[in-house]
2 protein chains.
Amino acid sequence: MISIPLIKWPVYKLGQNDFIKGKTVQYLKIKETIVEQIDSGLLPARQKLPSERKLAEAFSTTRVTMRAALSSLEAEARLYREDRRGWFVCPEPLRYDPSSTFNFMSMANNQGRAGFSKLIEARKVLATKQAAALLQVPMLTDIYHIKRVRFLEDRPVVYVSNFIKAAHFPDLLDHDFTPSLTDVYLKYYAVRYQTTHYRVSTTCLFGEIAQVLRATPGSPAMLVERINYDQNGLLIDCDLEYWRHDAICIESTAQLNAESTLG
Amino acid sequence: MISIPLIKWPVYKLGQNDFIKGKTVQYLKIKETIVEQIDSGLLPARQKLPSERKLAEAFSTTRVTMRAALSSLEAEARLYREDRRGWFVCPEPLRYDPSSTFNFMSMANNQGRAGFSKLIEARKVLATKQAAALLQVPMLTDIYHIKRVRFLEDRPVVYVSNFIKAAHFPDLLDHDFTPSLTDVYLKYYAVRYQTTHYRVSTTCLFGEIAQVLRATPGSPAMLVERINYDQNGLLIDCDLEYWRHDAICIESTAQLNAESTLG
DNA sequence: GAGTGGTCTAGACCACCTG
DNA sequence: AGGTGGTCTAGACCACTCG
């Protein structure tokens, strides 16, 4: 595990009293200063910043303006928040290729990161309308619903919700699927992912998801939805992944379909 | 062109004075109400909302809290802003498949949308460090730099910056590449995209990009970076696309690479 | 020129986290 | 128990947009 180094946050010195004359926007000035500190290495990844009140004082401003600067840096994926715990410096994002079989732990390892998963809940349930639509089954069909959180260096970065056709995987819940569903599919059911249909969009976090990710409700997030097919072209499961938006970037290579040019 | 319907914004009626007792969070209550109005169809896509002051009064709150609610709806891609012009209801996002040849106009048309492009600037320049790295050429190599904005129904949704190896395309700038670069590549140079390497991440908009997109500086955005290769496997160009985050979702199908499972 | 959005001030209360 | 972040109030000025 990598622990957070306890480096002293330097005192702020704005060259002048940056009163808003003309177009100087205060919170942008503040952002610049913080970014400089990060880029210069004074503020290492995962470093906690001082309290908002102290920061506001150091920058000779109010908490509201200070928070505007911090929130903007959050949107830019330079800082992240832990709900009611404070502000931290973002580490590098994980590169996530949707066209490779999803195995969080090895993906993290390959990039020199420490990753692990935690089970929130796994149950056999009857398909709700939404789940039924995703899996293309009638409502009230037996399905598994698995919820997990995945961590990078002790930080929860993604909430994963899986819906799985129960008929394809009898007694699935008896196995240890927490680190990797695909490994269990392959080992016990001789099923492997072959094709995936995915969608990436931006959203924000609320409720249970925000809680589990220790995110302030309303934090920006990236939603990755996937529908997966096995080697026989059968739809086997789907998953909804809510990523802290600073923790991920999607990266892939595609062969282009010539037909789609016309129109 | 689709024009914005001038529907009267309904008067707000919160069931009770929603004073903050216990855990009732005011701005969430406001969000709910607005979302209901959108989902019920009372507020059609592209509808302009009343001024922040009027909204704040209607909800019996201050502008600061009102803006918290509006900003959160912006993060959720339910509302968007035009800088200093006000708040509007988001239309459906465009579905964008990076594995199909990028041709904005036809993509829009296929989805029943009206799209067009506008040239900002096109010049032959010497590669900067960043551009040289992207194109894998020495610094100061001749390249084209093209900047465009693309619109959906009169709304600017994406700022596209292209870097192109000049050696591959003599006199490229003499052609009309504004609607589609790929069409010009194919028609005049017999070059077609074959492979693309792409990355998707979230960021926010500032400076020229925000201006061109009529976005408030700091608005959330999706950044799509692509490096494109022709039918001979040669790197020919790259592009940086800054999307208003509510205007797009990435959607694609991928065949999975089995090797990437191990680890 | 009126009104709007963008920005900012100077306070406040509360629930929650941490020591 | 003290301090923190999350939320909120009630004002303010400015540059810009729009009619």
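Chain letters run A, B, ... following the sequence lines, proteins first, then strands; residues in each count from 1. Hydrogens, waters and symmetry mates play no part in the numbers below; they use all other heavy atoms, side chains included.
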Asks: Can you check whether B:Tyr27 has a side-chain N or O nearer than 4.0 Å to OP1 or OP2 of D:dC8?
Replies: no

Asks: Kindly indicate, with the supporting measurements, whether the criterion side-chain contact (heavy atoms from CB on, under 4.5 Å) is fulfilled by B:Arg226 and B:Cys238.
Replies: CA-CA 5 Å; B:Arg226 309 190 356 148; B:Cys238 67; over 6 Å; no

Asks: Does C:dT7 have OP1 or OP2 sitting under 4.0 Å from an N or O in the side chain of B:Arg63?
Replies: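 For B:Arg63, the contact criterion (side-chain N or O under 4.0 Å from OP1 or OP2 of C:dT7) is not met.
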
Asks: In whole angstrom, give the distance that lies between atom CG of A:Leu79 and atom P of D:dG5.
Replies: 13 Å

Asks: Does anything in residues 198-213 of chain A form a salt bridge (charged side-chain N to carboxylate O under 4.0 Å, His left out)? List the pairs, not counting sequence neighbours.
Replies: A:Lys147-A:Glu208, A:Arg199-A:Glu225, A:Arg199-B:Glu251

Asks: Can you tell me how far P of C:dC16 sits from CD of A:Glu82, to the nearest Å?
Replies: 17 Å

Asks: Taking CZ from B:Arg67 and P from D:dA12, how many angstroms apart are they, rounded to a whole number?
Replies: 18 Å

Asks: Would you say A:Thr65 places a side-chain N or O within less than 4.0 Å of OP1 or OP2 belonging to C:dT9?
Replies: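 So the side chain of A:Thr65 is within the cut-off, an N or O lying under 4.0 Å from OP1 or OP2 of C:dT9.
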
Asks: Might you list the N or O atoms of the protein lying below 3.5 Å from N or O atoms in nucleotides 17-19 of chain D, with each pair's distance?
Replies:
unit_1, atom_1, unit_2, atom_2, d
D:dC18, OP1, B:Arg85, NE, 3.4

Asks: In whole angstrom, give the distance that lies between atom CD of A:Glu52 and atom C1' of D:dG3.
Replies: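 My rounded result for the distance is 12 Å.
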
Asks: Atom CE of B:Met66 and atom P of C:dG6: how far apart are they, to the nearest Å?
Replies: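 After rounding, the gap between these two atoms is 13 Å.
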
Asks: Would one find a side-chain N or O of B:Ser51 under 4.0 angstrom from OP1 or OP2 of C:dT4?
Replies: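 Yes.
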
Asks: Taking only side-chain nitrogens and oxygens of A:Lys54, does any of them come within less than 4.0 Å of OP1 or OP2 of D:dG3?
Replies: no

Asks: Between A:Arg148 and A:Asp239 (salt bridge meaning N to carboxylate O under 4.0 Å), is one present in this structure?
Replies: no

Asks: C:dT9, OP1 or OP2 - any side-chain N/O from A:Thr61 closer than 4.0 Å?
Replies: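 A:Thr61 to C:dT9 OP1/OP2: side-chain N or O found under 4.0 Å.
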
Asks: Are OP1 or OP2 of D:dG6 and a side-chain N or O of B:Gln26 less than 4.0 angstrom apart?
Replies: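 Checking B:Gln26 against D:dG6: no side-chain N or O falls below 4.0 Å of OP1 or OP2.
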
Asks: What is the distance from CG of A:Leu55 to C1' of D:dG3, rounded to the nearest Å?
Replies: 14 Å

Asks: Tell me, which pairs form a salt bridge (charged side-chain N to carboxylate O under 4.0 Å, His left out) where one or both residues lie in residues 211-221 of chain A, sequence neighbours left out?
Replies: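 Every salt bridge (charged side-chain N to carboxylate O under 4.0 Å, His left out) pair that includes a residue of residues 211-221 of chain A, provided the two are not neighbours, is A:Glu82-A:Arg214.
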
Asks: Give the C-alpha distance, both sets of side-chain angles, the deciding distance and a yes or no for side-chain hydrogen bond (donor to acceptor under 3.5 Å, both in side chains) between B:Glu76 and A:Thr203.
Replies: CA-CA 5 Å; B:Glu76 255 177 291; A:Thr203 181; 5.5 Å; no

Asks: Does any donor-acceptor pair link the side chain of B:Arg53 with the base of C:dG3 at a separation under 3.5 Å?
Replies: no

Asks: Nearest whole Å is fine: how far is D:dG6 P from A:Gln211 CD?
Replies: 14 Å

Asks: I'd like to know whether A:Trp243 forms a ring pair (Phe, Tyr, Trp, His ring centres under 6.0 Å) with A:Tyr96, so could you lay out the CA-CA distance, the side-chain angles of the two residues, the decisive distance to 0.1 Å, and finally the verdict.
Replies: CA-CA 11 Å; A:Trp243 289 81; A:Tyr96 171 16; 5.5 Å; yes

Asks: With nearest nucleotides of DNA chain C determined for A:Thr62 and B:Gly86 from heavy-atom distances, which residue corresponds to the more 5′ nucleotide?
Replies: B:Gly86

Asks: Can we say B:Arg123 and B:Glu121 salt-bridge, meaning some charged N sits less than 4.0 Å from an Asp/Glu carboxylate O?
Replies: yes

Asks: What is the distance, rounded to the nearest whole Å, between atom CG of A:Leu70 and atom P of D:dG6?
Replies: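 Whole-Å distance recorded here is 10 Å.
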
